[in-house]
Amino acid sequence: MKKIYKYSLNTFGLPTKIKEKISRILSIQLQRDQVCVWIEIDDDAAEVTAEFLPIGTGLEFPKELTETYQYFDSIQENEYIWHFYWRYIE
């Protein structure tokens, strides 16, 4: 059985870890002044941990980040634009 759940994400360079039976990451959007991610959960899948990392426009980040994280989406939160990268972690 599959379901879609919503999780809140941190901003200002703080990572968010979500441990769940993730099938697919669907969308990152702003809802009622909170940055959220919608994830498809599969009861038959193995539990994994996904880590989401927001990078603000104009802020520096290590070049190695793009080797270990994958870009997912960008959103606008008031005057900030956040570019979200993610990866599975052990």
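With sequence neighbours excluded, the residues forming a side-chain contact (heavy atoms from CB on, under 4.5 Å) with Glu67 are Glu64, listed by chain and number. Residues meeting the side-chain hydrogen bond (donor to acceptor under 3.5 Å, both in side chains) test with Tyr5, sequence neighbours left out: none. Residues forming a side-chain hydrogen bond (donor to acceptor under 3.5 Å, both in side chains) with Tyr71 (at least two apart in sequence, or on another chain): Ser74.
To the nearest 0.5 angstrom, His83 atom NE2 is 2.5 Å from Thr57 atom OG1. Atom CD1 in Ile4 sits 9.5 Å away from atom CD1 in Ile41 (nearest 0.5 Å). Between the CG atom of Asp73 and the CD atom of Gln29 there is a distance of 8.0 Å, given to the nearest 0.5 Å.
Put simply, the side chain of Phe72 reaches to within 4.5 Å of the side chain of Ile28, judged on heavy atoms. In this structure the side chain of Ile39 never reaches within 4.5 angstrom of the side chain of Glu20, judged on heavy atoms. Thr16 has its side chain out of reach of Val37: every pair of non-hydrogen atoms, C-beta onward, lies at least 4.5 Å apart.
If you chain together hydrophobic residues whose side chains sit under 4.5 Å apart, Tyr7 and Trp86 fall into the same group. Using a 4.5 Å cut-off between side-chain heavy atoms of Ile, Leu, Val, Met, Phe, Trp and Tyr, with links allowed through other members, Tyr88 and Phe84 fall into the same hydrophobic cluster. Cluster annotation: Phe61 and Ile89 are assigned to distinct hydrophobic clusters (Ile/Leu/Val/Met/Phe/Trp/Tyr, side-chain heavy-atom contacts under 4.5 Å, transitive). A single hydrophobic cluster is not seen to contain both Leu9 and Leu65; linkage of ILVMFWY side chains at heavy-atom distances under 4.5 Å, directly or through other members, places them apart.
Pairs of residues two or more places apart, or lying in two chains, never qualify as salt bridge (Lys or Arg N to Asp or Glu O under 4.0 Å) while including a residue from residues 5-15. Counting only residues at least two apart or on different chains, the salt bridge (Lys or Arg N to Asp or Glu O under 4.0 Å) pairs with a member in residues 22-33 are Arg24-Glu40.
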Sequence neighbours left out, cut at 3.5 Å: what donor-acceptor pairs do the side chains of residues 46-56 make with other protein atoms?
residue: Glu51; atom: OE1; partner: Tyr69; partner atom: OH; Å: 2.5
residue: Glu51; atom: OE1; partner: Arg87; partner atom: NE; Å: 2.9
residue: Glu51; atom: OE1; partner: Arg87; partner atom: NH2; Å: 2.9

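Relative orientation of the Trp82 and Phe12 rings is perpendicular, given thresholds of 30° and 60° on the angle between their planes.
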Applying side-chain contact (heavy atoms from CB on, under 4.5 Å), run through Tyr85 and Thr66 and close with a yes or a no. CA-CA 8 Å; Tyr85 290 79; Thr66 57; 4.3 Å; yes

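Listed for the Asp42 side chain is no donor-acceptor partner under 3.5 Å among the backbone atoms of Lys2. In terms of modelled atom types and a separation under 3.5 Å, the side chain of Asn78 and the main chain of Tyr80 share no donor-acceptor contact.
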